[in-house]
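Step one of this worksheet: look at the structure below.
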Amino acid sequence: MNIKNIAIVLTVLLVAIAAMLLMQKGNYVDQATEHYNKTTQNTFKATSKIVEYVGNSIDVNKMVWALACEGIQTAKSSQDMAKLEAKYFPATKGSNSKVKMTRHFEASTFYFIDSKFDKVDTDKKTDVWFLNNLSSIDVSALLGLVTPAATAPSEEEEEYEE
Amino acid sequence: MDNKKFKILAIVDAVIIVALIVLMMVLKGNYNDQAQASVKEQVGAFQESANGVLQELWKSVDQNGMAWKLVYATITGDKTEKSFNAAVKAIEGDQAARFKQLSYVFTAAGIPPKVQNDINEKGGLADKFLLKDEGGVKEVACGKNCSISFTFAKGKLKATDYKALVELNMASNFKLEAPAEFHFE
């Protein structure tokens with residue numbers, strides 16, 4: 001190869017290296033941007049999901065609290081409680097236990113209340129029994145004092161759906 | 001061009017090529033450091049704002065739980081101002097019970113205990129509960145942008161207004177801004 005060819009090859013190489021040098025920064029910017037977008041999007045999604053899920057949890061929690069607060073102030077019988085349940089949770093019904101004289105209302109496996117009554121009465125018109133004289137409402141689940149799985153009513157329990 | 005000129009051109013090319021390669025190696029290290037520092041700083045800033053939202057949410061749910069507990073204790077208690085004041089102190093002072101109640105809400109939302117502990121360790125529980133106590137009117141915090149009131153006259157409960165608790169939309173108070181565009185600095 002004569003000197004002319006060498007000079008031409010070197011000139012081409014010089015142009016190529018100069019071009020690579022100019023593109024070098026762009027490559028780092030692209031890589032950094034990609035890493036930044038990926039990391040921050042993951043954080044953004046995870047945080048937004050936590051906010052959304054906790055918001056949903058609070059939405060159920062507050063309605064069960066509202067039910068318990070209104071129930072303890074205004075309800076006397078399991079029928080009254082059933083009406084309040086329908087007001088706050090139209091799609092969910094509670095169940096009575098004649099033996100325990102309690103009414104269990106479960107909005108979700110985590111959020112439920114148990115209303116305690118003093119006696120069992122019978123409706124003279126319909127001849128259906130109901131619980132009367134509400135004495136207290138157990139809000140342990142709303143205070144985080146229970147383990148959800150352990151509190152589901154057992155199948156042996158006597159239940160009556162109103 | 002004669003051979004002599006080509007020779008000079010080849011030598012100049014070779015010198016510039018070596019210089020450019022050296023420059024490229026130096027810049028490579030600089031760009032790498034710059035990119036890492038920029039990413040670390042900007043990702044850190046975004047994570048900090050995300051953590052801030054979660055810590056504020058945590059405190060808010062804490063206040064919310066305390067407020068409901070206070071409402072229930074007040075309406076089922078003897079309805080005296082003395083009992084109310086004692087209940088406020090007892091509820092606010094029992095940090096273990098507060099953690100349990102608020103953690104339960106997060107667990108019900110499917111948030112793992114590790115994440116909960118992390119938020120709690122960084123931000124802690126709410127530091128405000130009783131917001132106002134003037135002339136028998138007590139205002140209590142029930143979360144971000146949420147307060148409820150109890151009115152007492154001659155030491156007896158006259159009115160309880162906890163409508164804000166029932167109407168609260170917790171999630172709407174906590175919106176994390178989408179990450180800003182990356183700047184290579």
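In what follows, chains carry the letters A, B, and so on, assigned in the order in which the sequence lines appear, proteins first and then strands, with residues in each chain numbered from 1.
Of the atoms belonging to Y162(B), it is side-chain heavy atoms, and not backbone ones, that fall under 4.5 Å from chain A. Looking at T39(A), the atoms closer than 4.5 Å to chain B (heavy atoms on both sides) all sit in the side chain, from C-beta outward. In this structure, no portion of Q36(B) lies under 4.5 Å from any heavy atom of chain A. Using a 4.5 Å cut-off between heavy atoms, V53(B) contacts chain A through its side chain alone, with no backbone atom that close. Only the side chain of N61(A) has a heavy atom closer than 4.5 Å to any heavy atom of chain B. For a residue to count as touching a neighbouring chain, one of its non-hydrogen atoms must lie under 4.5 Å from one of that chain's; by this rule V60(A) does not touch chain B. Residue A68(A) touches chain B through both its backbone and its side chain, counting heavy-atom pairs closer than 4.5 Å. Using a 4.5 Å cut-off between heavy atoms, E167(B) contacts chain A through its backbone alone, with no side-chain atom that close. Proximity to chain A (any heavy atom under 4.5 Å) is restricted, for L57(B), to the side chain, taken from C-beta onward. For a residue to count as touching a neighbouring chain, one of its non-hydrogen atoms must lie under 4.5 Å from one of that chain's; by this rule Q34(B) does not touch chain A. Looking at K28(B), both its backbone and its side chain come within 4.5 Å of chain A, counting heavy atoms on both sides. For V115(B), the part lying near chain A is the side chain, with the backbone staying farther off; criterion is any non-hydrogen pair under 4.5 Å.
When each of G144(A), S136(A), A66(A) is scored by its heavy-atom pairs under 4.5 Å with chain B, the top score falls to G144(A). Annotation: maximal heavy-atom pairing with chain A below 4.5 Å, among I16(B), I8(B), V12(B), occurs at I16(B). When the candidates T107(B), N64(B), N169(B) are compared by the number of heavy-atom contacts under 4.5 Å with chain A, T107(B) comes out ahead. For the set E181(B), M170(B), Q101(B), the entry with the most heavy-atom pairs within less than 4.5 Å of chain A is Q101(B). Counting heavy-atom pairs closer than 4.5 Å to chain B, the top residue among K62(A), Q41(A), M63(A) is K62(A).
Under a hydrophobic-cluster definition in which Ile, Leu, Val, Met, Phe, Trp and Tyr are linked whenever side-chain heavy atoms come within less than 4.5 Å, directly or via other members, F117(A) and W129(A) are assigned to the same cluster. The hydrophobic clustering, which links ILVMFWY residues whose side-chain heavy atoms are closer than 4.5 Å, places I21(B) and L23(B) together. No continuous path of ILVMFWY side-chain contacts below 4.5 Å connects F6(B) to V15(B), so the two sit in separate hydrophobic clusters. Under the 4.5 Å side-chain heavy-atom criterion for grouping Ile, Leu, Val, Met, Phe, Trp and Tyr, L145(A) is connected to L67(A) within one hydrophobic cluster.
Residue K4(A) qualifies as open at atom NZ: its count of foreign heavy atoms under 6.0 Å is 12 or below.
Taking the six-membered ring where tryptophan is involved, the planes of Y36(A) and F182(B) are tilted, since the angle between them lies from 30° to 60°.
Nearest heavy-atom pair, T109(A) versus Y104(B), reported as atom, atom and distance to 0.1 Å: O-OH, 4.5 Å. The nearest pair of heavy atoms linking I6(A) to A10(B) is CG2-CB, 4.4 Å.
To the nearest 0.5 angstrom, W65(A) atom CH2 is 10.0 Å from L165(B) atom CG. Separation of atoms CG (L143(A)) and CG (L102(B)) is listed at 12.5 Å; rounding is to 0.5 Å. The NZ atom of K175(B) sits 8.0 Å away from atom OG of S48(A), with the distance rounded to the nearest 0.5 Å. A distance of 9.5 Å separates CH2 in W68(B) from CG in L142(A), rounded to the nearest 0.5 Å. To the nearest 0.5 Å, atoms OG1 (T47(A)) and CG (N51(B)) are separated by 7.0 Å. Put simply, CG on L9(B) and CD1 on I3(A) are 9.0 Å apart, with the number rounded to the nearest 0.5 Å.
No side-chain donor-acceptor contact under 3.5 Å links T40(A) to the backbone of V43(B).
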For a quick test of your reading: what N or O donor-acceptor pairs under 3.5 Å do the side chains of residues 71-80 of chain B make, sequence neighbours left out?
residue : atom : partner : partner atom : Å
Y72(B)  : OH   : I137(A) : O            : 2.9
T74(B)  : OG1  : L70(B)  : O            : 2.6
T76(B)  : OG1  : Y72(B)  : O            : 2.5
D78(B)  : OD1  : T80(B)  : N            : 3.2
D78(B)  : OD1  : T80(B)  : OG1          : 3.0
D78(B)  : OD1  : S83(B)  : OG           : 2.7
D78(B)  : OD2  : S83(B)  : OG           : 3.0
K79(B)  : NZ   : I75(B)  : O            : 2.8
T80(B)  : OG1  : S83(B)  : N            : 3.2
T80(B)  : OG1  : S83(B)  : OG           : 2.9

For a quick test of your reading: what N or O donor-acceptor pairs under 3.5 Å do the side chains of residues 14-34 of chain A make, sequence neighbours left out?
residue : atom : partner : partner atom : Å
Q24(A)  : NE2  : M24(B)  : O            : 3.1
T33(A)  : OG1  : V29(A)  : O            : 2.6

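For the pair I17(B) and L13(A), the minimum side-chain heavy-atom distance is below 4.5 Å. Two residues are said to be in side-chain contact when any heavy atoms from C-beta on lie closer than 4.5 Å; I58(A) and V105(B) meet this criterion.
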_For F46(B) and F44(A): C-alpha separation, side-chain torsions, deciding distance, then whether side-chain contact (heavy atoms from CB on, under 4.5 Å) applies._
CA-CA 9 Å; F46(B) 184 73; F44(A) 179 68; 3.8 Å; yes
